[in-house]
Peer 1: 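Okay, here's the structure, questions in a sec.
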Amino acid sequence: MSNGSPPLPKKLLGKLPSVAVALAAALALTACGGGSDKEEDSAAKEGSSGGAFPVTVEHKYGSTEIKKAPKRVVTLGLSDQDAVLALGVKPVGSVDWFKEKPYGKWPWTKDLWGSRTPTVVGERDEYNMEKIAGLKPDLVVAQYSGMKKEQYETLKKMGVPVVAQPKGHADYMAPWQVSTRQIGKALGKEGEAEKKIADISARFKAVREKHPEFAKQTLTVADSFEAGKYSAFTKGDPKAIFFSELGFKLKPEIDKLAKPGWNVAELSAEKLDVLDADRLVWVTSSTQANDRIKGEPFYKKLKVAEEKRDLFVPYEGPDVGAAFSFNTVLSIPYAIDEIVPLLTAAKN
């Protein structure tokens with residue numbers, strides 16, 4: 001697991017290609033073209049922006065000038081495609097999130113993608129530079145990502161404007177508002193981005209006003225993909241941020257247990273007491289995982305479990321957990337609609 005690891009922390013296999021090899025291949029493909037004229041014309045229509053250019057966007061590795069409205073956008077952040085789609089642009093390339101519904105084929109995006117889907121150019125932070133170059137992008141965004149400096153430099157040498165992770169935030173820890181603004185500015189759609197941020201903020205405010213009891217409750221978010229191993233999410237993780245914006249208080253003890261730069265604290269069964277709170281939300285992958293957690297002797301002793309104030313939320317089917325794990329301008333409304341009735345229902 002890398003620092004600031006995103007939701008569903010799983011190990012990845014394989015190594016990044018060397019910068020030199022990747023750059024040579026990328027430049028060769030760029031020279032040859034890549035992508036049909038028909039595809040390029042289609043992308044141009046879908047990617048046209050109406051903002052004033054040039055624009056300069058600051059990020060983790062400096063600043064990037066974008067001289068004209070991007071027409072062929074590649075997203076390298078795990079959930080970046082949502083903000084791009086929300087602003088009316090269909091990325092021509094995107095990364096795969098653990099091979100689970102590649103490029104985000106989730107309920108909140110399916111109508112926006114339509115029949116045209118992007119080329120998958122990597123998995124998480126492992127990017128295929130040849131594929132990226134072959135798509136002839138005029139903008140690469142990597143907001144919710146762990147892009148390394150050498151990867152950034154490789155793309156930069158290809159002559160492609162790259163907007164890396166937001167400045168001043170650890171990888172995978174920038175709030176959704178920050179990422180949306182970065183993407184909106186890069187696309188020349190700052191006004192539209194601000195409108196969407198305001199609309200989502202209003203949705204959160206409406207929930208807080210309707211359920212003032214949330215503000216009096218402390219909530220923890222956790223998951224477990226292996227017996228005896230558990231993860232609790234810090235205030236910098238999208239899932240925790242989502243519940244905080246619903247009005248809940250978070251436990252600072254979890255942040256203290258996480259390694260510097262990480263958005264998750266790894267726990268053994270003996271340490272599960274840190275999860276004891278007014279409410280506990282588990283993001284799980286199956287009923288078998290639920291039963292395994294509920295059957296853990298240390299877990300059974302927690303008051304939140306004894307008093308049935310815990311809530312087991314599926315990642316998929318329905319995709320509630322995925323929605324607040326993404327925590328984007330597109331997934332948040334879906335997440336609110338799905339999770340609030342579960343939180344306000346009778347004891348589970």
Peer 1: Under 3.5 Å, is there a donor-acceptor pair linking the side chains of Gln182 and Gln177?
Peer 2: no
Peer 1: Take the angle between the ring planes of Trp176 and Phe204 and call it parallel below 30°, perpendicular above 60°, tilted in between.
Peer 2: tilted
Peer 1: Carefully, step by step, assess Phe243 and Phe214 under the rule ring-ring contact (aromatic ring centres under 6.0 Å, His included).
Peer 2: CA-CA 9 Å; Phe243 286 102; Phe214 288 174; 9.1 Å; no
Peer 1: Quick one: which of Arg292, Lys229, Glu296 gives a side-chain hydrogen bond (donor to acceptor under 3.5 Å, both in side chains) with Ser224?
Peer 2: Arg292
Peer 1: Please answer whether the main-chain N or O of Gly77 pairs with a side-chain N or O of Ser145 as donor and acceptor at a distance below 3.5 Å.
Peer 2: no
Peer 1: Of the non-hydrogen atoms in Leu76 and Val95, which two are nearest, and what is the gap between them?
Peer 2: O-CG2, 3.6 Å
Peer 1: Can you name the side-chain hydrogen bond (donor to acceptor under 3.5 Å, both in side chains) partners of Glu213, sequence neighbours left out?
Peer 2: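 With sequence neighbours excluded, Glu213 shows a side-chain hydrogen bond (donor to acceptor under 3.5 Å, both in side chains) to His211, given in chain and number order.
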Peer 1: Where the side chain of Thr64 meets the backbone of Val162, is there a donor-acceptor pair that is under 3.5 Å apart?
Peer 2: yes
Peer 1: Checking Arg279 side chain against Asp310 main chain: does a donor-acceptor pair fall under 3.5 Å?
Peer 2: no
Peer 1: Determine the minimum heavy-atom distance between Trp113 and Pro118, stating which atoms define it.
Peer 2: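 The pair with the smallest heavy-atom distance is CZ3-CD, 3.4 Å.
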Peer 1: Tell me whether Leu250 is reachable from Leu302 by hopping between hydrophobic residues (I, L, V, M, F, W, Y) whose side-chain heavy atoms are closer than 4.5 Å.
Peer 2: no
Peer 1: Could you give me the CA-CA distance, side-chain angles and deciding distance for Trp282 and Tyr299, then say whether ring-ring contact (aromatic ring centres under 6.0 Å, His included) is met?
Peer 2: CA-CA 12 Å; Trp282 289 96; Tyr299 183 68; 5.6 Å; yes
Peer 1: Between Lys157 and Tyr152, is there a donor-acceptor pair closer than 3.5 Å when you use the side chain of the first and the backbone of the second?
Peer 2: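 Not confirmed, Lys157 side chain does not pair with Tyr152 backbone.
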Peer 1: Enter the distance from Tyr334:OH to Trp106:CH2 here, rounded to the nearest 0.5 Å.
Peer 2: 9.5 Å
Peer 1: Of all residues at least two apart in sequence or in a different chain, which pass the side-chain hydrogen bond (donor to acceptor under 3.5 Å, both in side chains) check with Ser268?
Peer 2: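 With sequence neighbours excluded, Ser268 shows a side-chain hydrogen bond (donor to acceptor under 3.5 Å, both in side chains) to Glu270, given in chain and number order.
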Peer 1: Kindly say whether Ala164 contributes a backbone atom to a donor-acceptor pair with the side chain of Gln143 at under 3.5 angstrom?
Peer 2: yes
Peer 1: Of all residues at least two apart in sequence or in a different chain, which pass the side-chain hydrogen bond (donor to acceptor under 3.5 Å, both in side chains) check with Asp273?
Peer 2: none
Peer 1: What about Val178 and Ile183, same hydrophobic cluster or not, with Ile/Leu/Val/Met/Phe/Trp/Tyr joined at side-chain heavy-atom distances under 4.5 Å?
Peer 2: no
